Amino acid sequence: MADLSLLQEDLPEDADAFGVDDYSSESDVIIIPSALDFVSQDEMLTPLGRLDKYAASENVFNRQMVARSLLDTLREVCDDERDCIAVLERINRLADDSEPTVRAELMEQVPHIALFCQENRPSIPYAFSKYLLPIVVRYLADQNNQVRKTSQAALLALLEQELIERFDVETRVCPVLIELTAPDSNDDVKTEAVAIMCKMAPMVGKDITERLILPRFCEMCCDCRMFHVRKVCAANFGDICSVVGQQATEEMLLPRFFQLCSDNVWGVRKACAECFMAVSCATCQEIRRTKLSALFINLISDPSRWVRQAAFQSLGPFISTFANPSSSGQYFKEENKSSEDVSVEDKNRIRNQDVLEDVQIRPEDVPSDLRVTNSSINLENLLEGPAAETSRKPPGEISVPADSSLLCTLSSELHQEAASNENDRKPGHYKSTFRPEAGTSSQDSALLDQELYNSFHFWRTPLPEIDLDTELEQDSGKSPSPEAAPEVPVSCSPNITMATRRELEEMIENLEPHIDDPDVKAQVEVLSAALRASCLDAHEETGSVEKRSDLQDEPGINELPNCKLTQDDSVPLICDAVEGVDSTPHYAHDDSDMSTSSGFSPEEERRAKVQDVVPQALLDQYLSMTDPSRAQTVDTEIAKHCAYSLPGVALTLGRQNWHCLRETYETLASDMQWKVRRTLAFSIHELAVILGDQLTAADLVPIFNGFLKDLDEVRIGVLKHLHDFLKLLHIDKRREYLYQLQEFLVTDNSRNWRFRAELAEQLTLLLELYSPRDVYDYLRPIALSLCADKVSSVRWISYKLVSEMVKKLHMATPPTFGVDLINELVENFGRCPKWSGRQAFVFVCQTVIEDDCLPMEQFAVHLMPHLLTLANDRVPNVRVLLAKTLRQTLLEKEYFLASASCYQEAVEQTIMALQMDHDSDVKYFASTHPATTKVSQDATSTASSTY
């Protein structure tokens, strides 16, 4: 009751401030009561007595102090159960105080009192449920805002600490919250109650949330009178979805979410955009692709700038929810590796996911045919030979290379191979036929399952049916034998059906009323282009086939070595799964020649950025975040948000679709705002893991080199993950950066010592990536420079760096580099004219001993003689550190404790000399054996004056 001793005593109203009523006329002496008199009176009272005395005080400050001291009072009487119950009963009386500040102060103490009661349950059983919980629940509807806020915070704290029983949550807390959210409830109370329901849902679990909270939450989402309530519901929608799970989200919550996203108040729509990713995570892939993507496009095209701003910030996270192991590339395999190189663990993991990604077809392993087969049709484009005969598939199956770069076009290697074989074949060895396959070989059946379960088949847009041309069939039937029929490869572009064209026309008609919106206008242009292409293809297909048939009869055109299936011949395909007015066409595409995109036309460049992992409309909007006009119409920092989420988008798309993001990444890397470049610099190592070593060397290394020469705010992002990035590069490319490491010692601000400290940390990690020769030639000068830094924090990290360097060079064969480094340490630091250099030498020796960087025999030969000579150093700080090193570190080693050691006598003589030193600190550390043995602690105590 220490606090109660400071409380103010209630004095009679007629007494003045100085107690002059005690004036004695006979003795002419004024008696002034002392505060110690009141203290002594309080000390004579029991804890309960003091509590009763000041709880009944008319002074508000006294009652506030009583509320603050309740926990101390309980601790005083915790041994007596009756006294504890009496204190809790007085808490109930104090809860009825008319002063809001007293009630708020009491509510702030309730979580602490409840925790005390929980720890002392044997003495106070059911104390919280009987005495405290009713107060918390009652204050949720208090008229004073401060009291309600404190009670809400107390309730959440109690739920988080699991101090409320599940039964009490169901029978006493939830009913009150549901009552507070009734239609006739106070507006402010209703809004706060909805917020509490949403925040407590993750704490009470799925069962209670689904049974008691979810129905009322759905009602509140449709509250027509209070937009504040709808806004709170929208802001917490993602938390509710994550608690109740996928089924309840799709059946009950999604319809309300669609209503909130089209609310007439922009604040509600903005809250929906902010929680969109959490909602998407709670739905299945189909709904995410067909419904949520179209809904999100509406938010991006919202009339309110604030809604668009929130939507663009959530665009990258929303795209990341489309990530799938079979498409995002959780399992990577380089093209130059065979399937045998994959570890057994990786194979088991892939097999468990039913994704056989380890079946990779390299360009040289691709069979000499490329077929796209529909339900009853096989389009064959094959070279005659046994390999072609054994690679045929049964009808109704799709045979495609596993590598996405070969999905729609023949690789250049195939054409080169075909051209090289032309001299060994006769002119009529190629043919083009439409016919069903007759059978399959045993090898095909073995590969069938692998072809059915790959990422291309999972995400690809279904191929429309191809109407056979009768004349083409007849021409094919006239071929007497494979050898007699010359071949001209046929375009793989299928016709778009009339039904699909009608869907295009309907979409355009639905979008025309909103043509003023730039985003809608862009969608209309895309759909119109697809419609025009489909109409042109419908008119030209028959004529082109007839022309090809006529060409086959021409004697001079038997070989077309450059004929191949190209992306330009394909027609955009509309995905049947995408619904709504904002649906966007999906395209079959090819990314094998993206590196030469500079010569593409604008239409070809647009098609080059098409993929099939996420809805194309979402990716197009994401790529537009680097448009300068977006910064003016949406958000000035929209490029930073784009850069922040780019690694997640890249992981979702997978490395096979990196060409879609390459140009955007380069634009962000050259952005004028250093914050954008800084964001990329901090994540470039993660992007390198996603892309693999080949794409990293081609696309990321030039940008990485640019960041190395940027501002310090950008360079620090590269420096913090320097080891993580360089270890992904090839050894030859990695060695090129040895020449640039020295540049990190130069900063824009010489006082930026944290930059040099981070460099020392990274150099310690880089030791494993380079050979002993490289370490000695390039890293050693930097490390020795850091050991002499002006800031002690940099030096302490550098001592660890040098000790690890000694260890690596000593283990090398031959260990000449290690001996040379030790000699340099002795020369530059052990014999340094400045005492700080000699102290640094002792620190390095201490670290070498602690971390066992050298065998003790080698340490005794190369370092210990120079270390012991410092016992006569003229600076006490050096001798103090030497005494601590010898006493706490060196003598802990078994080698120096053995009586047979020839170095033990020299060490003991040095310690005896230090024990007789004229400096008291040197004597102390040489005579005693303190517990501390860490270099950093020694540095703190010994080198405090060496900043």
Side-chain angles (χ1 to χ4, degrees), residues 187-188 191-192 194-195 198-199 220-241 253-254 256-281 291-321 514-523 580-582 617-646 648-649 668 671 673 675-676 679:
D187 293 342
D188 294 337
T191 304
E192 295 170 357
V194 173
C198 297
K199 292 178 180 178
M220 294 295 99
C221 290
C222 304
D223 192 308
C224 300
R225 190 171 61 89
M226 284 288 296
F227 82 91
H228 294 288
V229 175
R230 301 196 303 274
K231 184 176 179 180
V232 171
C233 292
N236 297 275
F237 211 95
D239 296 334
I240 298 295
C241 291
L253 292 175
L254 273 188
R256 273 74 180 181
F257 189 67
F258 273 75
Q259 295 177 6
L260 293 174
C261 287
S262 58
D263 197 277
N264 57 356
V265 178
W266 67 265
V268 179
R269 303 195 301 274
K270 177 176 179 290
C272 291
E274 292 171 346
C275 71
F276 212 94
M277 186 194 75
V279 176
S280 177
C281 290
K291 298 182 179 179
L292 291 184
S293 58
L295 182 63
F296 195 85
I297 293 297
N298 287 337
L299 293 176
I300 284 184
S301 307
D302 195 272
S304 171
R305 175 172 181 169
W306 306 111
V307 178
R308 297 197 304 272
Q309 179 176 329
F312 273 108
Q313 292 182 18
S314 300
L315 178 55
F318 176 50
I319 290 178
S320 68
T321 61
H514 310 281
I515 198 67
D516 296 335
D517 193 315
D519 298 307
V520 176
K521 183 178 180 180
Q523 296 176 28
V581 296
D582 294 315
L618 294 178
L619 182 61
D620 290 341
Q621 293 289 350
Y622 179 80
L623 298 179
S624 71
M625 292 176 72
T626 57
D627 190 340
S629 62
R630 294 291 192 190
Q632 300 176 0
T633 59
V634 180
D635 186 6
T636 56
E637 293 191 350
I638 189 172
K640 181 182 177 182
H641 299 304
C642 180
Y644 181 81
S645 57
L646 195 141
V649 176
L668 292 171
D671 195 274
Q673 301 182 66
K675 292 182 179 180
V676 177
T679 303

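Fair warning: this is a prediction, and the values are worked out from it, not measured in the lab.
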Hey, what do you get for [atom1] ([X]) to [atom2] ([Y]), rounding to the nearest 0.5 Å?
X	Y	atom1	atom2	result
Arg230	Met220	CZ	CE	11.5 Å
Leu254	Leu292	CG	CG	6.0 Å
Leu295	Cys272	CG	SG	8.0 Å
Thr679	Leu668	OG1	CG	9.5 Å
Phe237	Phe276	CZ	CZ	10.5 Å
Ser293	Leu619	OG	CG	12.5 Å

Lys/Arg N to Asp/Glu carboxylate O, Asp302 vs Arg269, below 4.0 Å: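 Yes, charged N to carboxylate O under 4.0 Å.
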Quick test of your reading of the model: are Arg225 and Asp187 salt-bridged, counting only N-O distances below 4.0 Å?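 A salt bridge is present here (some side-chain N lies under 4.0 Å from a carboxylate O).
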Any side-chain heavy-atom pair from Lys291 and Phe258 closer than 4.5 angstrom?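 Sidechains of Phe258 and Lys291: in contact.
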Less than 4.5 Å apart, any side-chain heavy atom of Val279 and any of Cys241?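 With C-beta onward as the side chain, the pair touches.
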Check: [X] side chain, [Y] main-chain N or O, donor-acceptor pair, under 3.5 Å:
X	Y	answer
Asn236	Asp239	no
Tyr622	Leu646	yes
Ser645	His641	yes

Under the side-chain contact (heavy atoms from CB on, under 4.5 Å) criterion, do Arg305 and Trp266 qualify, and how do the steps go? CA-CA 9 Å; Arg305 175 172 181 169; Trp266 67 265; over 6 Å; no
Between Arg630 and Gln309, does a side-chain hydrogen bond (donor to acceptor under 3.5 Å, both in side chains) hold up when you go through it step by step? CA-CA 10 Å; Arg630 294 291 192 190; Gln309 179 176 329; over 6 Å; no
Looking only at non-hydrogen atoms, find the nearest pair between [X] and [Y] and report the distance.
X	Y	value
Ala311	Ile300	CB-CG1, 3.8 Å
Met277	Ser320	SD-OG, 4.4 Å
Val268	Leu260	CG1-O, 3.7 Å
Cys221	Arg256	CB-CG, 3.8 Å
Cys222	Gln259	SG-OE1, 3.3 Å
Cys275	Phe257	SG-CE1, 4.0 Å

Under the criterion side-chain contact (heavy atoms from CB on, under 4.5 Å), I'd like the reasoning laid out for Phe312 against Cys642: C-alpha separation, chi angles, the key distance, then a yes or no. CA-CA 8 Å; Phe312 273 108; Cys642 180; over 6 Å; no
